[in-house]
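Below: one structure, written as C-alpha cells.
No experiment lies behind these values; they were computed from the predicted model shown. Along the sequence shown, residues are numbered consecutively beginning with 1.
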Amino acid sequence: MQAPSVGGVMLPRGNGETVRLSRGASLTDFAEKINANPASLVAVMMNLGEMVTATQSVSDATLQLLAGEMNYEVQIVSPEEEDRELLESFDIEFGEDEGGEEFLVARPPVVTVMGHVDHGKTRLLDAIRKTNVVAGEAGGITQHIGAYQVATQVNEEDRKITFIDTPGHEAFTAMRARGAKSTDIAILVVAANDGVMPQTIEALNHAKAADVPIVVAVNKIDVEGADPTKVRGQLTEYGLVAEEYGGDTMFVDISAKQGLNIDKLLEAVVLTADAALDLRANPEQDAQGIAIESHLDRGRGAVSTVLVQRGTLRIGDTMVVGDAYGRVRAMLDDKGNNVEEAGPSTPVLVLGLTNVPGAGDNFLVVDEDRTARQIAEKRAARERNANFAKRVRRVSLEDLDSVLKAGLVQELNLIIKGDASGAVEALESSLLQLDVGEEVDIRVLHRGVGAVTESDIDLAMGSDAIVIGYNVRAAGRAAQMAEREGVDVRYYSVIYQAIEEIEAALKGLLKPEYEEVELGTAEVREVFRSSKLGNIAGVLIRSGEVKRNTKARLLRDGKVVAENLTITGLRRFKDDVTEIREGFEGGINLGNFNDIKIDDIIATYEMREKPRA
C-alpha cells in the first residue's frame, strides 16, 4: 500500500517485515526487495540528511536508518551465510564430509602454537622442525603464518602432526584468531621465568573461543628464575588445571633452546587428540580447506599456502580460494619438495591462482573452470561492495549527527601494500583500532599484495594519502614518481614500527589541546591614576613572575571580578620591563580595564599546548 513518507515522497510503508540484505547493499538493492522506486529512497535519505546515490554501497547503519524510517526491519546477511548461499546455488556443500562413516579415515591433528611475545614460540617450532627460522625473521619476530608437518613416534607407532605457525604479538590478533579457528589443538607456550602475561591470556581466550583442547608447553625451564609450578598455579585461575592437580590439561616442561622434552610435547599433542577428538575425514572427495597465507612471488605469481581439511588436492584440479581461482600447476610441501597430491591435514604451497587470496579464505575444488570463475567473481563483487560501504572507519564511534557536521572530522588517508595478505590484513586491522580521539579518522583507500606501483602513487596524489610498503618497495618508475610528486612512501619490515609511526601521525592531526598554566600573582598595594594610560596598579609580586603581554584575571575577596585581561604595561620604577619576579614591586597596566582596588589580586597565566598521551 502506498503512503506518503518524509517530505511527501510516495513510497511503500512496511508492517515490520524483515528484509535480508548483504553487506554493502545499495538503495537499488533495497528498492528491489520492497518493490519501490530507487529514486524515492534517495529522496528519503536526503530528507534524513544524507546524500546517497541509488547505486552507491552504503553502510549497515545507513540501511538500518532507512529501514526504520519506512517501518521495515533489515537483516544484514553474515559473510559466512552469504557464502554458503552462493555455494548452494552451485549445488556445492562446504564444510561437510561426503558419504557415511565407512568413507572416513583418521587424519593428523592440526596444531596452533600460541602465547606471549618472546616466550619462545618460534624457537619451539625451530626445535621441532630442526631448521633455523629465527635467523630469517626481521627483528626476531615471526612475520607470516606458515604451516609445517612433522613426524613423531607414540607407542612405537608413526604419527604425523601439522603445525600452523601464528605470529605472537597483539598486532596480529586477527591472524592468531583465524589460526585458532582452523586448528584442532592449541599449544600454549608460557615462559617458566615470566609466567602468565597479557598476551598469554589473549591467546588462551582465542583458543577457548575456538573450542579447542589446549596443551601447555612450559618453556625456558633451563633459565635462571624458572618456576614451572608457578605457571601451573597461575593457569589454574583461568580454568587450565594440570593433570597432576586432578585436571585434564597436559603440561609439559620444555626447553626449546636446549631441545629438552620436545618429543614429550609431541606425544602430549597426539594423546590429547586421541582422547578428546575424533579426527577423521574423507580423503576421496573433492578437496576443501583453508588458505593459511598467500603472497605474490616474483617468479611464480600468486602462491598460497593451503591446509587441506577434507578430500585430496591433486595437480590439475580446478580450485577457487576466496576471490581467486585457477588450475593447480604445482604443489610444494613445507620442505620445498614437489608433491603430486595432498590429503587431509596436509599443508601445501599451491601455484596457479589468478590473484592473491586473503589469509583465512576457504578453498574448494570444482569440476569446471567456468564454475570457479563465477564463484570467485561473485565473491569479489560482494567483498568490493562491503569495502565501499565501510572504507571510512571511525577510530572512535560517533553519533550520526556529529559525523554529518562539516569540518568536524579530519582524515589520515592510507594505502597499504605488503608481501603477504595476512600481514596486510593484520596491519590494517591494527591501524583501524588505534584510539587517538573522536575527531580523527583513518581511511584505508586501498590495500593489496605486491610492490608499490605507479597506480598506487596516482591514487595517493589524488587523495593526499600516505603509502605504506610492508616488506615491499616501490617498483620501476613508481619511486621516481613518488619523489617527483612529493608522495610520502614509508617502508617497514617490522609491523610495530609502522603502527607507532602512523599513531604519531594521527596524533599530529588532532586539534591541539591547551591547558592553563599559572605564571604568577601580584597583590595591589596602591592605585595610580594616569590621564594617558588610565589606572595603574602598584603591586608586590606574591608568587612566580608577571610577564608583559600575558593573560590575567582580577580577583577581589577571592572572587573573579574580571577575566581575559592582558598585561599591556609593566614598569619597575621608571623603566619599562618585560617581567617582574617574586618579592619585587612594580606597576601593572591592564589596558582599558580601570576597576582596580587596593588588596585586589592580579593572577597571570598562559595557555600551553598539552602533549597527547
Counting N and O atoms only, with roles assigned by atom type, does the side chain of [X] sit under 3.5 Å from a partner on the main chain of [Y], one being a donor and the other an acceptor?
| X | Y | answer |
| --- | --- | --- |
| Ser530 | Lys532 | yes |
| Arg572 | Glu585 | yes |
| Arg571 | Ile588 | no |
| Thr604 | Lys551 | no |
| Asp600 | Leu554 | no |
| Ser429 | Ala426 | no |
| Gln234 | Gly195 | no |
| Asn47 | Ala43 | yes |
| Gln56 | Thr53 | yes |
| Asn594 | Asn535 | yes |

Side chain to side chain, [X] and [Y], heavy atoms closer than 4.5 Å:
| X | Y | value |
| --- | --- | --- |
| Thr568 | Asn592 | no |
| Tyr470 | Ile416 | no |
| Ile254 | Val218 | no |
| Ile602 | Ile567 | yes |
| Asp576 | Arg548 | yes |
| Leu414 | Leu431 | yes |
| His446 | Leu459 | yes |
| Thr249 | Val216 | yes |

Using 0.5 Å steps for rounding, measure from the [atom1] atom of [X] to the [atom2] atom of [Y].
| X | Y | atom1 | atom2 | result |
| --- | --- | --- | --- | --- |
| Leu555 | Asp557 | CG | CG | 10.0 Å |
| Glu563 | Phe593 | CD | CZ | 11.0 Å |
| Leu66 | Leu48 | CG | CG | 7.0 Å |
| Ile596 | Phe528 | CD1 | CZ | 11.5 Å |
| Tyr245 | Leu235 | OH | CG | 10.5 Å |
| Glu526 | Ile598 | CD | CD1 | 4.5 Å |

More than 12 heavy atoms of other residues, nucleotides or ligands under 6.0 Å from [atom1] of [X]: yes or no?
| X | atom1 | value |
| --- | --- | --- |
| Tyr605 | OH | yes |
| Lys208 | NZ | yes |
| Met461 | CE | yes |
| Arg525 | CZ | yes |

Quick check: closest heavy atoms across [X] and [Y], and the distance to 0.1 Å?
| X | Y | result |
| --- | --- | --- |
| Val472 | Gly418 | CG1-C, 3.5 Å |
| Tyr238 | Val196 | CE1-CG1, 4.2 Å |
| Arg473 | Ala451 | O-CB, 3.3 Å |
| Gln64 | Ile76 | NE2-CG1, 4.2 Å |
| Glu224 | Asn193 | O-CB, 4.1 Å |
| Gly448 | Val424 | O-CG2, 3.7 Å |

Margin query: Assess the residue pair Asp599 and Lys597 against the criterion (salt bridge (charged side-chain N to carboxylate O under 4.0 Å, His left out)); give the C-alpha distance rounded to whole Å, side-chain angles, the decisive distance to 0.1 Å, and a yes or no.
Written below: CA-CA 6 Å; Asp599 293 332; Lys597 295 183 180 178; over 6 Å; no

Check: Side chains of Ser493 and Asn471: do they bring a donor and an acceptor to under 3.5 Å?
Finding: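 Per modelled atom types, Ser493 and Asn471 side chains form no pair under 3.5 Å.
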
Next item on the list: State, without any angle test, whether Ser455 and Thr453 hold a side-chain donor-acceptor pair at a distance under 3.5 Å.
Entry: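 Indeed, the side chains of Ser455 and Thr453 share at least one donor-acceptor pair under 3.5 Å.
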
Note to self: Go through it in stages, so that I can follow the logic: the residues are Val467 and Arg490, the test is side-chain contact (heavy atoms from CB on, under 4.5 Å), and I'd like the CA-CA distance, side-chain angles, deciding distance and then a yes or no.
What the structure shows: CA-CA 6 Å; Val467 181; Arg490 304 188 183 197; over 6 Å; no

Next item on the list: Take Arg556 and Asp595 through the salt bridge (charged side-chain N to carboxylate O under 4.0 Å, His left out) test and state the conclusion after the steps.
Entry: CA-CA 11 Å; Arg556 188 172 296 155; Asp595 182 17; 3.5 Å; yes

Notebook entry, point to check: Could you walk me through whether Asp456 and Lys417 pass the salt bridge (charged side-chain N to carboxylate O under 4.0 Å, His left out) check?
Noted result: CA-CA 9 Å; Asp456 295 327; Lys417 296 298 288 285; 2.8 Å; yes

Next item on the list: Quick one: list whatever passes side-chain contact (heavy atoms from CB on, under 4.5 Å) with Glu237, sequence neighbours left out.
Entry: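 Expected list: none.
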
Margin query: If the threshold is 4.0 Å, N to carboxylate O, is there a salt bridge linking Glu518 and Arg553?
Written below: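 Looking at Glu518 and Arg553, the cut-off is not met.
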
Checklist line | Lys/Arg N to Asp/Glu carboxylate O, Asp222 vs Lys220, below 4.0 Å | finding: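 A salt bridge is absent here (no side-chain N lies under 4.0 Å from a carboxylate O).
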
Note to self: salt bridge (charged side-chain N to carboxylate O under 4.0 Å, His left out) for Arg477 and Glu454? Distances and angles first, verdict last.
What the structure shows: CA-CA 7 Å; Arg477 290 178 297 180; Glu454 290 176 62; 3.7 Å; yes

Next item on the list: Test Val190 against Asn219 for side-chain contact (heavy atoms from CB on, under 4.5 Å), laying out the working first.
Entry: CA-CA 6 Å; Val190 188; Asn219 193 21; over 6 Å; no

Note to self: Between Glu606 and Arg608, is the side-chain contact (heavy atoms from CB on, under 4.5 Å) condition met? List the steps.
What the structure shows: CA-CA 6 Å; Glu606 68 179 5; Arg608 290 183 188 165; 2.6 Å; yes

Note to self: Please identify which of these residues, Ile221, Val231, Leu260, meets the side-chain contact (heavy atoms from CB on, under 4.5 Å) condition with Asp253.
What the structure shows: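 Considering Ile221, Val231, Leu260, a side-chain contact (heavy atoms from CB on, under 4.5 Å) with Asp253 is found only for Ile221.
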
Next item on the list: Quick one: do Val449 and Asp419 satisfy side-chain contact (heavy atoms from CB on, under 4.5 Å)? Show the steps, please.
Entry: CA-CA 5 Å; Val449 175; Asp419 62 337; 5.9 Å; no

